[in-house]
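Please read the structure below before turning to the comments.
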Amino acid sequence: MFLDTGVARTKFSRPNQTPWIRRLRCCPCYLFRRKHRRNGFVNCGFLSPVSRSLVDALRNDREAAYRSWLEKRPSALKTIDCMLKAAKGKKIVVFLDYDGTLSPIVDNPDRAFMTRKMREAVKQVSKYFPTAIISGRSTDKVKEFVRLQNLYYAGSHGMDIMAPKESVSSWNSHAHLTLDRKGNEVLFQPAKKFLPMIQEMIARIQKEIVKIQGARVEDNKFCVSVHYRQVKEEDLEMLEQKVVSVLQDYPDFRITRGKMVIEIRPSIEWNKGSALEYLLETLGLKDSSDVLPLYIGDDRTDEDAFEVIRKRGQGYPIIVSSIPKETRALHSLRDPSQVLAFLERLARWGKASSPSGRCSNRICALAD
Ligand SMILES: O=P(O)(O)OC[C@H]1O[C@H](O[C@H]2O[C@H](CO)[C@@H](O)[C@H](O)[C@H]2O)[C@H](O)[C@@H](O)[C@@H]1O
């Protein structure tokens, strides 16, 4: 049995600590286990009866808090029938974040694979609805993980937008598109001019943090991630200082924060929400009142997309979270396994409501 103690690190990301957590943290068994913990998890099997009861109380506390949060952000699995009823005659467009949404959060960012089942669910969904992956990763990396052709991809927090092969040019002969190495259509890259600077910055950060055990830099093309999930607590302050000091020489960049990651990106007015709007426009749906954008994401950067949907006054912003948190989303899913169940249900509905169960997504039709 495992319990996420939520013992996070200094100012980097620390969930609220209840009195139970404070008491638990003084318990010798807990301290012993904490010394041997991996990834913030404590194996409760080794706890004494006293600590175990504290752990149980803590778990009950958390469940109660989560249940009360669910009242404000109802589970999308429970509200899906309502959503689909309201979607009759309208066009659903699906936007999906990657890490923490389609794949579980893991220690090594290079191994954040999605399951075959999840891939199949996304594939089925994309047969019936235009579907886009919007991620903080580089577009190439997220495509490598997802491995589906008929999707739109917006990597680097929406700063690198690509359409599936021949999808746009086939219906918009005026589109001036460039193709990437694999023939995908590059739609929009608003931060192109920063590319050389980003490469220089990555080299400098790498040099600065090379001695900090567990720290790693991920090149996300138009953005950079500095991971600290595996950095010792006592090194975190130093890591932060080093990153901030390099950034002082790059005033055109800013820091945002994700899950145990410092994200660096060009200070331009562009985010996942802008990418969502851009894609709706590309699909010719931006001003349509019959469009229901559905966005599923777990991170702070997804909030921009939730906000755009809320401002449109139509659509479904869905947060993936197993703990209560501040969000602009209106619905929730607990974890990627619930995301999977939701997507499977959506695909079944798409199939049942499209004439003779055939694909209604224009891109699929082109590929058929
Ligand atoms: O927008 P996303 O697709 O959610 O990308 C956000 C960041 O996700 C990745 O980092 C997170 O997931 C890793 C793998 O599970 C985990 O090790 C890390 O701690 C998380 O922060 C990705 O590696 C980052 O580059 C993205 O910015």
Side-chain angles (χ1 to χ4, degrees), residues 4 8-9 12-13 15 38-41 94-115 118 122 131-146 148 151-162 191 198 201-202 205-206 214-233 236 239-240 243 253-266 270-276 295-306 317-322 325 327 329 333 335-337 339:
D4 179 353
R9 296 131 185 253
F12 288 80
S13 69
R38 269 191 73 238
N39 192 22
F41 285 82
V94 179
F95 297 92
L96 302 165
D97 166 53
Y98 184 75
D99 289 279
T101 298
L102 296 182
S103 72
I105 294 293
V106 292
D107 285 351
N108 181 350
D110 290 339
R111 304 200 60 78
F113 304 116
M114 65 197 275
T115 61
M118 184 68 94
V122 176
T131 302
I133 309 287
I134 305 194
S135 169
R137 302 260 191 178
S138 72
T139 298
D140 280 353
K141 187 74 192 177
V142 80
K143 281 174 92 172
E144 213 178 289
F145 279 135
V146 177
L148 292 172
L151 307 183
Y152 290 82
Y153 287 90
S156 309
H157 295 291
M159 294 188 202
D160 190 11
I161 307 184
M162 290 207 194
I198 292 172
M201 186 201 305
I202 289 176
I205 296 174
Q206 244 151 3
R216 57 190 292 166
V217 182
E218 187 182 358
D219 178 351
N220 287 336
K221 192 164 180 178
F222 296 105
C223 308
V224 183
S225 287
V226 182
H227 291 275
Y228 58 87
R229 186 169 291 278
Q230 292 183 290
V231 173
K232 286 194 221 119
E233 206 158 335
L236 291 175
L239 176 73
E240 166 103 5
V243 172
F253 289 79
R254 67 189 170 101
I255 283 180
T256 54
R257 289 175 191 279
K259 294 186 168 166
M260 297 199 176
V261 66
I262 302 172
E263 292 167 325
I264 304 162
R265 53 162 93 187
W270 196 266
N271 54 41
K272 288 185 171 186
S274 330
L276 184 152
Y295 188 106
I296 310 182
D298 72 315
D299 221 338
R300 282 185 223 175
T301 55
D302 299 310
E303 294 292 330
D304 295 317
F306 297 153
I318 304 172
I319 187 157
V320 183
S321 182
S322 57
K325 57 161 86 153
T327 179
L333 290 167
D335 51 31
S337 74
V339 174

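Values reported hereafter were calculated over all heavy atoms of this structure, with side chains retained and with hydrogens, waters and symmetry mates removed. Remember, it's 1-based here, ligands and their atoms both numbered in the order they're listed.
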What's the verdict on salt bridge (Lys or Arg N to Asp or Glu O under 4.0 Å) for Glu144 and Arg137, showing C-alpha distance, side-chain angles and the deciding distance?
-> CA-CA 11 Å; Glu144 213 178 289; Arg137 302 260 191 178; over 6 Å; no

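Every atom of ligand 1 is numbered from 1 in the order shown, and the set under 4.0 Å from a heavy atom of Asp107 is 17 (O). Close contacts between ligand 1 and Gly136 involve ligand atoms 1 (O), 2 (P), 3 (O), 5 (O) [criterion: under 4.0 Å to a heavy atom]. Distances below 4.0 Å separate heavy atoms of Ser225 from the following atoms of ligand 1: 24 (C), 25 (O), 26 (C), 27 (O). Close approach to Tyr98 involves these atoms of ligand 1, each under 4.0 Å from a residue heavy atom: 3 (O). Close contacts between ligand 1 and Asn220 involve ligand atoms 25 (O), 27 (O) [criterion: under 4.0 Å to a heavy atom]. Against a heavy-atom cut-off of under 4.0 Å, Val261 is close to the following atoms of ligand 1: 21 (O).
In this view, Arg265 satisfies the salt bridge (Lys or Arg N to Asp or Glu O under 4.0 Å) rule with no residue, not counting sequence neighbours.
An N or O contact shorter than 3.5 Å is missing between Asp299 and ligand 1 by distance. For ligand 1, none of its N or O atoms has an N or O atom of Asn108 under 3.5 Å away. Looking at Ala112 next to ligand 1, no N or O pair under 3.5 Å apart turns up.
We find that Lys272 and Asp299 are not joined by a salt bridge, their nearest charged nitrogen and carboxylate oxygen being 4.0 Å or further apart. Between Lys325 and Glu303, no side-chain nitrogen of the basic residue sits less than 4.0 Å from a carboxylate oxygen of the acidic one, so the salt-bridge criterion is not met. Of the charged side-chain nitrogens involved, none lies within less than 4.0 Å of a carboxylate oxygen, so that Lys221 and Asp140 do not count as a salt-bridged pair.
Atom 3 (O) of ligand 1 has its closest protein heavy atom at Ser135 OG, 2.8 Å. Closest to atom 14 (C) of ligand 1, if we only count protein heavy atoms, is Val106 O, 3.5 Å. Protein heavy atom nearest atom 4 (O) of ligand 1, with residue, atom name and distance: Asp97 OD1, 2.7 Å. The nearest heavy-atom contact from the protein to atom 8 (O) of ligand 1 is Asp99 OD2, 3.1 Å.
Considering each of His227, Gln230, Lys259, the one bringing a non-hydrogen atom nearest atom 21 (O) of ligand 1 is Lys259. Considering each of Arg229, Lys272, Arg300, Glu218, the one bringing a non-hydrogen atom nearest atom 23 (O) of ligand 1 is Glu218. Proximity annotation for atom 6 (C) of ligand 1: of Met260, Arg137, Glu263, Glu263 comes nearest, heavy atoms only.
Checking each of Asp302, Asp298, Asp107, Asp99 against Lys259 for a salt bridge (Lys or Arg N to Asp or Glu O under 4.0 Å) leaves exactly one that passes, namely Asp298. Test Ser138, Ser135, Ser225 against Asn220 for side chain to side chain donor-acceptor pair (under 3.5 Å) and you get one pass: Ser225.
Side-chain N/O atoms of Ser337 and Asp335 include a donor and acceptor closer than 3.5 Å.
The closest approach between any non-hydrogen atom of Pro104 and ligand 1 is below 4.0 Å.
Annotation: side chain of Arg229 is not in contact with side chain of Val106 (no heavy-atom distance under 4.5 Å).
Contact record, His157 with Cys223: CD2-SG, 3.7 Å, taken as the closest heavy-atom pair.
Below 30°, between 30° and 60°, or above 60°: for Tyr295 and Phe306 the angle between ring planes is above 60°, a perpendicular geometry.
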